[in-house]
Amino acid sequence: MTLEEIHGQQPLPAGHDWMQGSGTALHELLVSAQRRGCLTAGVYESAKLMNVDPDNVAFCVLAADQEDEGDIALQIHFTLIQAFCCENDIDIVRVNDVAKLAAIVGPSEDSGEPRDLHCILITNPNEEGWKDPALEKLNLFCEESRNVNDWVPTITLPE
């Protein structure tokens, strides 16, 4: 008996391109969330928000460059955030290019200073019935990733 049979899942056919468009969808979601004021950036800011209002968090992005991989404190934060997201049914992805993320999100609106982009949360806006098609695409991408045991998939942002 295979894992797919146990869980009632069909294996993905060879060459299945279910990852296509996830980077573009993430870009669109980040731009839309920032425009609506539904974006929280920073490991500590995100942790505070998840502690106070976890039901309002719709999506989580963890970002680290190659040099961040050796930062033990950051990796511990990532592990705790991932556990929290899994426990609260919050979809989560990783991005391996903080510079591209910074180009999309930009500096802090308050001070104009670069901000910590290692963790970004997308929250639900106050508007009733708001459905972002990019968020729906990313939720589907995360669900399909979990079906092949990739619990925190990595997304490549477009140029």
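Only a predicted model underlies this, so the values are computations on that prediction, with no experimental measurement involved.
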**OP:** State plainly whether one hydrophobic cluster holds both I90 and V43, where clusters connect Ile, Leu, Val, Met, Phe, Trp and Tyr through side-chain heavy atoms under 4.5 angstrom apart.
**Re:** yes
Subject >> Common cluster, V148/V152, ILVMFWY with side-chain heavy-atom separation under 4.5 Å >> reply: no
**OP:** Please answer: with hydrophobic residues joined when any side-chain heavy atoms are less than 4.5 Å apart, are V95 and I104 in the same cluster?
**Re:** yes
**OP:** Using atom types as modelled and distance alone, determine if a side-chain donor or acceptor of D68 lies under 3.5 Å from a backbone N or O of D65.
**Re:** yes
**OP:** Drop me the distance from I72's CD1 to H77's NE2, to the nearest 0.5 angstrom.
**Re:** 12.0 Å
Original post:
L26, I81: one ILVMFWY side-chain cluster at the under-4.5 Å cut-off?
Top reply: no
Subject >> Close side-chain approach of I120 and T40, heavy atoms under 4.5 Å >> reply: no
Original post:
What's the spacing between L62 CG and L74 CG if we round to 0.5 Å?
Top reply: 8.5 Å
Original post:
With a 4.5 Å limit on heavy-atom distance, are the side chains of F59 and V93 in contact?
Top reply: yes
**OP:** Give a yes or no on whether I92 and L140 share a hydrophobic cluster (residues Ile, Leu, Val, Met, Phe, Trp, Tyr; joining criterion: side-chain heavy atoms under 4.5 Å apart).
**Re:** no
Original post:
Donor-acceptor pair, K100 side chain versus L157 backbone, under 3.5 Å?
Top reply: yes
Subject >> Enclosure of E67 CD (heavy-atom neighbours >12, cutoff 6.0 Å) >> reply: yes
Original post:
How many angstroms lie between CD in E45 and CG in L121, if you round to the nearest 0.5 Å?
Top reply: 10.0 Å
**OP:** Take C119 and C60 through the side chain to side chain contact (heavy atoms under 4.5 Å, CB included) test and state the conclusion after the steps.
**Re:** CA-CA 7 Å; C119 182; C60 178; 4.0 Å; yes
Subject >> Salt bridge present between D150 and R94 (N-O < 4.0 angstrom) >> reply: no
**OP:** Decide yes or no for W151 and S145: does some side-chain heavy atom of the first lie under 4.5 Å from some side-chain heavy atom of the second?
**Re:** no
**OP:** Evaluate the ring planes of F78 and H118, with Trp represented by its six-membered ring, and classify them as parallel (under 30°), tilted (30 to 60°) or perpendicular (over 60°).
**Re:** tilted
Original post:
How about D91 and R146: do any of their side-chain heavy atoms sit closer than 4.5 Å?
Top reply: yes
**OP:** Please examine the side chains of N96 and T156, heavy atoms only from C-beta on, and report whether any two atoms are closer than 4.5 Å.
**Re:** no
Subject >> Within-4.5 Å side-chain heavy-atom neighbours: V57 and D53 >> reply: no
**OP:** Determine, step by step, whether F141 and I155 satisfy the side chain to side chain contact (heavy atoms under 4.5 Å, CB included) criterion, reporting the C-alpha distance in whole Å, the side-chain angles of both residues, the deciding distance to 0.1 Å, and the verdict.
**Re:** CA-CA 10 Å; F141 170 76; I155 291 181; 3.6 Å; yes
**OP:** Kindly indicate whether the side chain of V105, heavy atoms from C-beta on, has any atom under 4.5 Å from the side chain of L117.
**Re:** yes
Original post:
Of all heavy-atom pairs between D132 and A134, which one has the smallest distance, and what is that distance?
Top reply: OD1-N, 2.8 Å
**OP:** Answer yes or no: is there a side-chain heavy-atom contact under 4.5 Å between L30 and I122?
**Re:** yes
Original post:
Are the side chain of S46 and the backbone of G42 linked by a donor-acceptor contact shorter than 3.5 Å?
Top reply: yes
Subject >> Expected output: side-chain N139 to main-chain L135 donor-acceptor under 3.5 Å >> reply: yes
**OP:** Measure the CD-CG distance between Q75 and L80 for me, rounded to the nearest 0.5 Å.
**Re:** 11.5 Å
